[in-house]
Amino acid sequence: MSDQKRLFLVDAYALIFRGYYAFIKNPRINSKGVDTSAIMGFMNSLLDVIKRERPDHLAVCFDKGGSADRVEMFEAYKANRDETPEAIKIAVPYIQDILKAMHIPIMVKEGYEADDVIGTLSKQAEKEGYKTFMVTPDKDFAQLVSENIFMYRPVFGGGYETWGIEEVKKKFEVTNPLQVIDFLGMMGDSSDNIPGLPGVGEKTAKKFLAQYGSMENLLANTHELKGKMKENIEGAKELGLLSKKLATIMLDVPVTFDAKDFELDQPNLPKVTEIFMELEFRQLLSNFEKTFSVEAVSNASETTSENTETKATPKETKSAGAGQFSLFGGDISSAEAPKENTFTRKTAETTSHFYQSVASGMATKLFIKNLMSQTSVCFDTETTNINPITAQLVGIAFSWEVGKGFYLPFPENKDEAQELIEQLRPFFESETIEKIGQNLKYDIKVLAKYNVTVKGKLFDTMLAHYLINPDMRHNMDVLAETYLNYTPISIEELIGKKGKNQITMRDVALDKQTEYAVEDADITLQLKEHFEKELGEANTQKLFDEIEVPLLRVLAAMELEGINLDENFLNTLSEQLEIDIKSLETKIYAEAGEEFNIASPKQLGDILFDKLKLVDKPKKTKTGQYATSEDILSYLAKDHAIIQHILDFRGLSKLKSTYVDALPTQVEPSTGRVHTDYMQTVAATGRLSSNNPNLQNIPIRTERGRQVRKAFIPRNEDYVLLAADYSQIELRIIAALSNEETMISAFKNGEDIHASTASKVFNVPIENVTREQRSNAKTVNFGIIYGVSAFGLSNQTDLSRSESKELIDTYYETYPKLRKYISEQIDFARDNGYVQTVLGRRRYLNDINSRNAVVRGAAERNAVNAPIQGSAADIIKLAMIKIYEKLQAGNFKTKMLLQVHDELVFDVYKPELDTIKTLVKTEMENAYKLEVPLDVDLGVGNDWLEAH
DNA sequence: CTAACGACATA
DNA sequence: GTATGTCGTTAGC
């Protein structure tokens, strides 16, 4: 196998684009003002591949003139891509010159895409006994993978992964790489404009593949499908076959693989030097020289591509401290590292580790002594339950050295468990030992129930990653796979799938508990080492240390506190709602002439538009149903009594099912209160989100809805609720950030900002502004925050498209700095690849330079909105931390209970009310200094509604 | 039991 | 036009 010749085929544009975006945060502009990012990026990748792999044969493939055949088949093919960025356009001739100087063949064929060229060449090379590696991140290539053809994919964060048949099978859940074509054909690909089958996404495509194996077989057996899906697919047979064709990489491009031509040769160094000097690539030149130096080439190891592992090899099992561990005498679980197999992810089985459980008694004492001598320890609690309030400790895992760790099992008996935790108290309450964890809020809450406070510096890997890349997911399994190329033991393996037969951690054998729990701690520790550096690189260390980490303790306290709920009140409300809903139901049935399920949009649509024919040409949703959304129905309300009844029915049903009936079921029996869970790492802008239950969307707009707020009450008669909310914080932020004086002075003068805006854009004195004018101005003000378009505005108001456009134009004339700010934000995003808040919280916008105008437009709106929404989030988080600290320091009985994006709710001990009102208002208004004053409204009451 | 969708609650 | 979470229906394992 090792004497098999290896051919590397590089997908030029894919790497050029990738290289270009890699530098987008910090574009390379040379002294002549030329953006050389794309060239630099591409050359880095190319040299990297050469250095790592030392290919025998190599060629670089380009597109030319797009795929004539595919456009003929489907005119929309790649149609929604537009202009290539300037830097890439100028890059191509340079790159081709460099490749010529390097004696690397450039493969292009007019009318074909690089995919087709690469596909054709790899199949030819395969026949001649070559092993081919297609260097590209593009998943479409997976269809070409065979025993001798591999994908060689650059991965996020550096390094490469090789996809052979096994990887492709696993990734796409297919039995044969060719099925990738069927997969892509079924689910479609928006970036290539491959339409795909309607109603089929990733999941369904995988399912179909498992069942039918191919597009054709699926289409031939649509009689086995049912209902909607059947209808959809039977109606789209041609589309399906077309999609499959579009996704198929052609293998008959008129090009020839010529082994001699493709041999990787010594470059024409003087020529390369000349070009590099022109581009001012000094660093790259020396790198280049090293790569091609005689020494480097002759020292090239025999590594085959299977050994392209970028991550460190497993740590040695033996270590200096290993001897003492036998003292503990508990379960020893460890595994020898088998020969590295880089085709699959590492797991506990393939990685050497030393995970040990600690027996009770002497071993525990020795362990704790060791623990206390550490300066930084990763820990992870294992419990009986995901609800930290009722969860009992089953064990705690600790790790402070990669690949090694200990598990302390907890007795089931409550007193004994408490005794053990008492032994650990000095550790958790130590101010000097740093604690590392993944989602520490959970562990802190669990431990709080054992009356243990976690003190000292914290490092939460989930929070760290949230700041590094807020758009990704942050659960440990994903992080381990992404950053450590490691698949942790799945919880399902231990306790079974969710539902009927699930057991708890307590029922898992100790050695399994140990493996699982210590692995988590070990991985978390490794992730910490990874993220520590990246936090600094993303310039977000401060945000981590001063906002997110301190906030975690605040949130834990708020969640544990919970809020008191008047269940009786809600039950009464529920009964009243039931009566009203029933009566509406009766009316609707009478008006419709039959009974049906009003809550079913499908049935409702059929009744309204097929049976009653209320409209000539009803709108349809993307799935072909009649659209019955509120905005459509409300237009019809004045003509047909049934419509208003339906809208009322919907409103009341939503109210009843989501709030009035659901909230009482969420009361925690052990505390008698409702404990929401604030998610600190889901909202890409930096906001919190709330669930189980979501207390951030309790109704307020309608009279009926806001009654629900009456159910949120103080803990007892010695307390009242205080609601403190920022007035117009987002508009104040955009006024300040854009330095728009007109708006700033309106705020400074305490004007009604929407009326003030209306007065200016409609050119009337502020006291003559009509309700409608104010309302339109308000809509534009909000539109600005969301990234306006005339289209969106006319949808939201009674204005026509052209009136909307005019209003927006006048608006920008009134507030010229605002327009400037918006375009500067978009430019910043284009140049840097991200935007940021006042505190430097970043949001990366990969689509900002997308060739697809729709996708790009969305990214541009994000570029405007994210800094505003995010800065508001930053500011209230600062305020929360400050207030929490003051409440603690002052030993107040008052507790902070809720956060609703721009509002905080407190359970205030009546004697403290005056002090608290001042404290809260002061801290909130001074949390962050802007050119515009922040203004906070306070409300006090015996329920949340009254407090407003 | 899960996924996809439509509808709708908040800031 | 931004950012979320939850519920009910429908359909298919």
Side-chain angles (χ1 to χ4, degrees), chain A residues 199-204 206-208 210-211 224-232 470 497-500 597-605 621-633 646-647 650-659 661-663 666 676-679 682-702 705-706 708-709 725-726 728-730 779-780 782-796 804 808 843 854 857-870 872-873 876 899-903:
Chain A
V200 177
E202 188 185 329
K203 304 274 178 193
T204 315
K206 285 185 174 168
K207 202 188 68 198
F208 281 158
Q211 201 176 344
E224 292 179 14
L225 303 175
K226 279 183 198 157
K228 192 74 218 149
M229 187 69 88
K230 180 177 175 181
E231 212 175 284
N232 275 341
K497 280 205 185 269
K498 199 151 107 168
K500 44 184 178 151
N597 187 344
I598 309 169
S600 160
K602 180 178 146 67
Q603 294 182 33
L604 177 67
T621 66
K622 58 179 172 177
T623 50
Q625 306 284 323
Y626 292 119
T628 64
S629 54
E630 201 262 350
D631 55 336
I632 291 178
L633 291 193
I646 287 164
L647 290 172
R650 281 219 189 121
L652 298 188
S653 307
K654 172 82 183 173
L655 211 58
K656 184 166 185 290
S657 65
T658 309
Y659 304 103
D661 291 348
L663 283 172
Q666 305 264 13
T676 186
D677 191 5
Y678 287 106
M679 304 272 110
V682 302
T685 50
R687 275 191 179 179
L688 299 176
S689 84
S690 150
N691 60 24
N692 296 309
N694 181 355
L695 296 185
Q696 290 181 323
N697 71 345
I698 302 301
I700 191 162
R701 291 187 224 261
T702 65
R706 63 161 56 116
V708 176
R709 294 197 170 219
D725 63 282
Y726 282 111
Q728 307 296 353
I729 187 167
E730 293 188 344
T779 311
V780 190
F782 279 108
I784 293 296
I785 294 169
Y786 298 149
V788 260
S789 73
F791 177 76
L793 183 62
S794 68
N795 274 345
Q796 289 283 311
S804 299
I808 293 171
R843 173 142 191 212
V854 179
E860 287 173 357
R861 289 191 294 278
N862 279 326
V864 178
N865 175 261
I868 300 165
Q869 196 183 112
I876 196 166
Q899 190 252 39
V900 192
H901 308 307
D902 64 358
E903 172 186 2

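No hydrogens, no waters, no symmetry mates; every other heavy atom, side chains included, goes into these values. On a predicted model such as this, the values are computed, not experimentally measured, just so you know.
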- [ ] Could you tell me which non-hydrogen atom of T685(A) sits nearest to which non-hydrogen atom of N865(A), and how far apart they are?
- [x] CG2-OD1, 4.4 Å

TODO: Between dT10(B), dG5(C), dA3(C), spot the one nearest the side chain of T685(A), thanks.
DONE: dA3(C)

Task: Selected nucleotide, minimal atom distance to N865(A) side chain, candidates dA3(C), dG1(C), dG8(C) - done: dA3(C)

Task: Minimum heavy-atom distance between V682(A) and S689(A), given as atom pair plus value - done: CG2-OG, 3.1 Å

Task: Closest nucleotide among dA11(C), dT6(C), dA11(B) to the K602(A) side chain - done: dA11(C)

Open item on the list: Using a 4.0 Å heavy-atom cut-off, does N697(A) contact any base of the nucleic acid, only the sugar-phosphate backbone, or nothing at all?
Closed with: base

Open item on the list: How many whole angstroms separate atom CD of Q625(A) from atom P of dA4(B)?
Closed with: 17 Å

TODO: Scan A872(A) against the nucleic acid and name what it touches under 4.0 Å (heavy atoms): base, sugar-phosphate only, or nothing.
DONE: nothing

Open item on the list: If I take atom CD1 in residue I868(A) and atom P in nucleotide dG1(C), what distance separates them, rounded to the nearest angstrom?
Closed with: 18 Å

TODO: Side chain of Y659(A) only, please: which of dA9(B), dG5(C), dA7(B) is the nearest?
DONE: dA9(B)

TODO: Would you indicate what S653(A) reaches in the nucleic acid, counting non-hydrogen atoms under 4.0 angstrom: base, sugar-phosphate, or nothing?
DONE: nothing

TODO: Just call it for R687(A): base, sugar-phosphate, or nothing, with non-hydrogen atoms closer than 4.0 Å on any strand.
DONE: base

Task: Nearest to side-chain heavy atoms of N862(A), which nucleotide of dA3(C), dT4(C), dG8(C) - done: dA3(C)

- [ ] Round to the nearest Å and state the distance from M679(A) atom CE to dG5(C) atom P.
- [x] 8 Å

Task: Residue P601(A), side-chain heavy atoms: nucleotide from dG8(C), dA7(B), dG5(C) that is nearest - done: dA7(B)

TODO: Have a look at T676(A) and say if it touches a base, only the backbone sugar-phosphate, or nothing, with a 4.0 Å heavy-atom cut-off.
DONE: nothing

Open item on the list: Taking the minimum atom-to-atom distance to the side chain of A599(A), which one of dT2(C), dC8(B), dT9(C) wins?
Closed with: dT9(C)

Open item on the list: Looking at every non-hydrogen atom in both residues, tell me the closest pair between P470(A) and A684(A) and how far apart they are.
Closed with: CB-O, 3.7 Å

- [ ] Using a 4.0 Å heavy-atom cut-off across all strands, classify V864(A) as base, sugar-phosphate, or nothing.
- [x] nothing

Task: Length of the CD1-C1' vector between I876(A) and dA3(C), whole Å - done: 15 Å

Open item on the list: Using whole Å, what does the distance between atom P of nucleotide dG6(B) and atom CG of L647(A) come to?
Closed with: 18 Å

Open item on the list: Considering every strand and a 4.0 Å limit on heavy-atom distances, what is the contact class for E730(A): base, sugar-phosphate, or nothing?
Closed with: nothing

TODO: Could you work out which one of dT4(C), dA7(B), dG1(C) sits closest to the side chain of V682(A)?
DONE: dT4(C)

- [ ] Would you indicate what E903(A) reaches in the nucleic acid, counting non-hydrogen atoms under 4.0 angstrom: base, sugar-phosphate, or nothing?
- [x] nothing

Task: Residues which pass side chain to side chain contact (heavy atoms under 4.5 Å, CB included) with K654(A), listed by chain and number, not counting sequence neighbours - done: T658(A)

Task: Distance, rounded to the nearest Å, where I700(A) contributes CD1 and dC8(B) contributes C1' - done: 16 Å

Open item on the list: Using a distance-only criterion (donor-acceptor N/O pair, under 3.5 Å, no hydrogens), is the base of dT10(B) paired with the side chain of Q696(A)?
Closed with: no

Open item on the list: Once you apply a heavy-atom cut-off of 4.0 Å, does L793(A) come out as touching a base, just sugar-phosphate, or nothing?
Closed with: base

Task: Nearest non-hydrogen partners of E630(A) and L647(A), listed with the distance - done: CG-CD2, 4.0 Å

Open item on the list: What's the closest nucleotide to the side chain of R650(A) if the choices are dC8(B), dT10(C), dT10(B)?
Closed with: dC8(B)

TODO: Write down the atom of I698(A), the atom of R709(A), and the distance for their closest heavy-atom approach.
DONE: O-NH2, 2.7 Å

Open item on the list: Considering every strand and a 4.0 Å limit on heavy-atom distances, what is the contact class for I698(A): base, sugar-phosphate, or nothing?
Closed with: sugar-phosphate

Task: For atom CZ of R843(A) and atom C1' of dT2(C), their distance in whole Å - done: 9 Å

Open item on the list: Whole angstroms only, please: what is the CD-P distance between Q603(A) and dT10(C)?
Closed with: 5 Å

TODO: Please name all residues satisfying side chain to side chain contact (heavy atoms under 4.5 Å, CB included) with A662(A), sequence neighbours left out, ordered by chain then number.
DONE: none

- [ ] Just compare dC8(B), dA11(B), dT2(C) and give me whichever is closest to any side-chain atom of K654(A).
- [x] dC8(B)

Open item on the list: With a 4.0 Å cutoff (strictly under), does any side-chain N or O of N597(A) reach OP1 or OP2 of dT9(C)?
Closed with: yes

Open item on the list: Less than 4.0 angstrom between a side-chain N/O of T658(A) and OP1 or OP2 of dC7(C), yes or no?
Closed with: no

Task: Side chain R701(A) and base dA9(B) donor-acceptor under 3.5 Å - done: no

